J.: 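Structure incoming, see below.
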Amino acid sequence: MSLTATAKAGRRPSRGGPGPDDGRAAALRRTWRKASPYAYIAPFFTLFLAFGLFPLLYTAFVSLYRVELQTSGEMEWRGIANYTALFTDEYFWTSLRNTFTIGVLSTVPQLAMALGLAHLLNYKLRGRTFIRTAILLPYATSVAAATLVFAQLFGRDFGLINYVIGLVGFDPVDWQTGTVASQIAVSSIVIWRWTGYNALIYLAGMQSIPHELYEAAEMDGASRWRQFLHVTLPGLRPTIVFTVIISTIGATQLFGEPLLFEGSISGGISHQYQTLGLYMYEQGWGFFHLGRAAAIAWVMFVLIVVLVGVNALLVRRRAAKEAGR
């Protein structure tokens, strides 16, 4: 009997038509196409919820209670008392001021030097690959190793820095006791570690600027300095904003360098270079006040959000002003 006759007789053909298994497989494929993007990003959001959002919210919860490290299971409601205690503590304002001054002392020279290095590396030089690798080595060095070496260099009696200063006729500087001197010493560690990293970011931004702009500026008689001012800097503006924001966040969270510079959680005998990160560590692990340490963490978080928002607002106003010209 032919297939046509079989179909007319109402009997299922033995071969040739799609079966129920094929339909289920097609439905599974359609479902996977829709669900696969969410499956790919699920690990990130799972880790973010577990190690990012939950600790952030739990820290806000703890900041409203009196919690001591020895009896962390006993929590006493305090409301905003931890925050008001911070704002009446002179050492909090000292650490806030130190965070600002060390941030300025480390960020401004660091980004300026990184911009100059990137501008030099953007030209055709011999051994550019070696130089690019070499300037990134400080970033690959651990904070502990770098800080311990710099602590020896800035030693009062046998440090290399004071030895060089003595050769030119100046008295030795007590880098670990003086307020300005200690902050300069700590800032120099940050500058040494992060200048090369930012230089490579600037270099990548410079290489994305069309070369035709430099050729047109050269044909108009612009010197290299004018090309840098009127071609390189405008083209690097988004990159500069990015590095400023990242450096601001890093300066607000500065912890390892001031901790290891002298090995004191108080940031010197008179708290002269204690940052907010070090002050939070002192309150939580030095005085065992976990609730107050959590409040400091949230103050730092709000401060970072405000600083980043101010930077974004300034950039937006500058862009709007230039668009209106």
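Atoms considered below: every heavy atom in the structure, side chains included; atoms not considered: hydrogens, waters and symmetry mates. One-based numbering along the sequence shown. In this text, all values refer to a predicted model and were calculated from it rather than measured experimentally.
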J.: Salt bridge between Arg193 and Glu257, side-chain N to carboxylate O under 4.0 Å?
T.: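 Salt bridge flag = yes for Glu257 with Arg193.
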J.: Do you know the tightest heavy-atom contact between Thr94 and His271?
T.: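 Shortest heavy-atom contact: CG2-O, 3.5 Å.
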J.: Do side-chain atoms of Ser142 reach the backbone of Ala145 as a donor and acceptor pair under 3.5 angstrom?
T.: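 Yes; judged by distance alone, with no hydrogens or angles, the pair exists.
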J.: Is there a ring-ring contact (aromatic ring centres under 6.0 Å, His included) between Tyr281 and Phe255? Walk through the geometry before answering.
T.: CA-CA 9 Å; Tyr281 183 84; Phe255 172 74; 5.4 Å; yes
J.: Hey, could you give me the CG/OG1 distance between Leu136 and Thr141, rounded to the nearest 0.5 Å?
T.: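 Interatomic distance, Leu136 CG to Thr141 OG1, rounded to 0.5 Å: 9.5 Å.
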J.: Taking atom CZ of Arg132 as the centre, report whether more than 12 heavy atoms of other residues, nucleotides or ligands fall under 6.0 Å from it.
T.: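 Above 12, so yes.
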J.: Check the pair Ser264, Glu262 against side-chain hydrogen bond (donor to acceptor under 3.5 Å, both in side chains), reporting the backbone distance first and the verdict last.
T.: CA-CA 6 Å; Ser264 172; Glu262 194 182 3; 5.4 Å; no
J.: Under 4.5 Å between any side-chain heavy atoms of Leu200 and Leu117, yes or no?
T.: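 Not in contact.
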J.: Any link between Val149 and Ile161 through a network of hydrophobic side chains (Ile, Leu, Val, Met, Phe, Trp, Tyr) touching at under 4.5 Å?
T.: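 Linked, Val149 and Ile161 end up in one cluster.
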J.: Hydrophobic clustering (ILVMFWY, side-chain heavy atoms < 4.5 Å, transitive) - are Leu120 and Met206 grouped together?
T.: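 They do not share one cluster, since no chain of ILVMFWY contacts under 4.5 Å joins Met206 to Leu120.
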J.: Cluster question for you: counting only ILVMFWY and a side-chain heavy-atom cut-off of under 4.5 Å, with indirect links fine, are Ile304 and Ile246 together?
T.: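 They do not share one cluster, since no chain of ILVMFWY contacts under 4.5 Å joins Ile304 to Ile246.
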J.: Please check if Leu278 and Ile189 belong to a single hydrophobic cluster, counting links between Ile, Leu, Val, Met, Phe, Trp and Tyr side chain heavy atoms closer than 4.5 Å.
T.: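 No, Leu278 does not connect to Ile189 through the hydrophobic network.
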J.: Once rounded to the nearest 0.5 Å, what's the spacing between atom CZ of Phe130 and atom CD1 of Ile135?
T.: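 So the gap between those two atoms works out to 11.5 Å.
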J.: Given side-chain hydrogen bond (donor to acceptor under 3.5 Å, both in side chains), test Tyr214 with Thr232 step by step and report yes or no.
T.: CA-CA 9 Å; Tyr214 292 100; Thr232 305; 2.7 Å; yes
J.: Looking at every non-hydrogen atom in both residues, tell me the closest pair between Ser266 and Glu282 and how far apart they are.
T.: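 That would be CB-OE2, 3.7 Å.
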J.: Short question: side chain of Ser208, backbone of Gly205 - any donor-acceptor pair under 3.5 Å?
T.: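 Indeed, once roles are kept as given, a pair shorter than 3.5 Å links the two residues.
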J.: Do other residues, nucleotides or ligands put more than 12 heavy atoms under 6.0 Å from Met75 CE?
T.: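 Atom CE in Met75 is crowded, with more than 12 foreign heavy atoms closer than 6.0 Å.
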J.: Please check if the number of heavy atoms outside Glu218 that lie under 6.0 Å from its CD is greater than 12.
T.: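 No, the 6.0 Å shell around CD holds no more than 12 heavy atoms from other groups.
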J.: Side-chain contact test, heavy atoms from C-beta onward, threshold under 4.5 Å: evaluate it for Trp298 versus Tyr83 and give yes or no.
T.: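 Trp298 vs Tyr83: side chains touch.
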J.: Quick one: CE on Met280 to CD on Gln283, what's the gap to the nearest 0.5 Å?
T.: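 That separation rounds to 11.0 Å.
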J.: Is there a donor-acceptor pair under 3.5 Å between the side chain of Asp220 and the backbone N or O of Ala222?
T.: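 It does not hold such a pair.
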J.: Could you tell me which non-hydrogen atom of Leu290 sits nearest to which non-hydrogen atom of Gly284, and how far apart they are?
T.: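 Residues Leu290 and Gly284, closest heavy atoms: CD2-O, 3.7 Å.
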J.: So, for Trp175 and Ala181, which heavy atoms are closest and what is the spacing to 0.1 Å?
T.: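 Closest approach of Trp175 to Ala181: CE3-O, 3.3 Å.
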J.: Which of parallel (below 30°), tilted (30 to 60°) and perpendicular (above 60°) describes His289 and Phe287?
T.: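 Judged by the thresholds at 30° and 60°, the geometry between His289 and Phe287 is tilted.
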J.: Quick one: are Gln183 and Tyr273 in side-chain contact, heavy atoms under 4.5 Å?
T.: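 Sidechains of Tyr273 and Gln183: in contact.
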J.: Which heavy atom of Leu260 sits nearest to which heavy atom of Leu148, and what is that distance?
T.: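 Heavy-atom minimum between the residues: O-CD2, 4.2 Å.
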J.: Between Val244 and Ile191, is there a shared hydrophobic cluster once you connect ILVMFWY residues whose side-chain heavy atoms come closer than 4.5 Å?
T.: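 Val244 and Ile191: separate clusters.
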J.: Give the ring-plane orientation class for Phe54 versus Tyr58, where under 30° counts as parallel, over 60° as perpendicular and anything between as tilted.
T.: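 If you compare the ring of Phe54 with that of Tyr58, the planes turn out parallel.
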J.: Answer yes if the ring centres of Tyr65 and Phe61 are under 6.0 angstrom apart, and no otherwise.
T.: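 Yes, the ring of Tyr65 comes within the 6.0 Å limit of the ring of Phe61, centre to centre.
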J.: Compare all side-chain heavy atoms of Thr107 with those of Thr248 and state whether any distance is below 4.5 angstrom.
T.: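 No, side chains not in contact.
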J.: Can you check whether Trp194's main-chain N or O pairs, donor with acceptor, with Asn198's side chain at less than 3.5 Å?
T.: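 Looks like yes, one N/O pair under 3.5 Å.
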J.: Would a 4.5 Å heavy-atom cut-off, applied to side chains only, mark Phe154 and Asn162 as touching?
T.: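 Side chain of Phe154 against side chain of Asn162, heavy atoms only: no contact under 4.5 Å found.
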J.: Can you establish whether the number of heavy atoms outside Ile80 located under 6.0 Å from its atom CD1 is more than 12?
T.: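 12 or below, so no.
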J.: Please check if atom CD in Gln152 has more than 12 non-hydrogen atoms from other residues, nucleotides or ligands closer than 6.0 Å.
T.: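 Check fails, neighbour count at 12 or below.
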J.: Can any side-chain N or O of Thr243 pair as donor or acceptor with the backbone N or O of Thr239 at less than 3.5 Å?
T.: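 Side chain of Thr243 to backbone of Thr239, a donor-acceptor pair under 3.5 Å: yes, one is there.
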J.: So Trp77 and Leu64, do their side chains get closer than 4.5 Å, heavy atoms only?
T.: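 Leu64 reaches Trp77 side chain to side chain.
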J.: Got a donor-acceptor contact below 3.5 angstrom from the Thr195 side chain to the Trp192 backbone?
T.: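 No: the side chain of Thr195 does not pair with the backbone of Trp192.
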J.: Keeping Gln274 on the side-chain end and Gly268 on the backbone end, is there a donor-acceptor pair under 3.5 Å?
T.: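 Flag not set: sc Gln274 to bb Gly268 has no pair under 3.5 Å.
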J.: How close do Arg33 and Pro37 get, counting heavy atoms only, and between which atoms?
T.: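 The pair with the smallest heavy-atom distance is O-CD, 3.5 Å.
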J.: Is there a side-chain contact between Thr99 and Leu254 in this structure, where contact means two heavy atoms from C-beta onward sitting under 4.5 Å apart?
T.: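 No; the side chains remain at least 4.5 Å from each other.
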J.: Atom OG1 of Thr275 and atom CZ of Phe100: how far apart are they, to the nearest 0.5 Å?
T.: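 Separation between the atoms: 15.0 Å.
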J.: With a 4.5 Å heavy-atom cut-off, do Tyr202 and Asn122 have their side chains touching?
T.: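 They are not in side-chain contact.
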J.: Please round to the nearest 0.5 Å and tell me the distance separating atom CD1 of Ile102 and atom OG of Ser95.
T.: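 The distance works out to 10.5 Å.
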J.: Short question: side chain of Ser182, backbone of Thr179 - any donor-acceptor pair under 3.5 Å?
T.: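 It does hold such a pair.
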J.: Would you compute the distance between atom CG of Leu57 and atom CG of Leu53 and round it to the nearest 0.5 angstrom?
T.: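 One finds 4.5 Å between CG of Leu57 and CG of Leu53.
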J.: Cut-off 3.5 Å, side chains only: do Asn98 and Tyr279 have a donor facing an acceptor?
T.: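 No donor-acceptor contact under 3.5 Å links the two side chains.
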J.: On the 0 to 90° scale, with breaks at 30° and 60°, tag the Phe87-Trp93 ring pair as parallel, tilted or perpendicular.
T.: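 Tilted: the ring planes of Phe87 and Trp93 meet at 30° to 60°.
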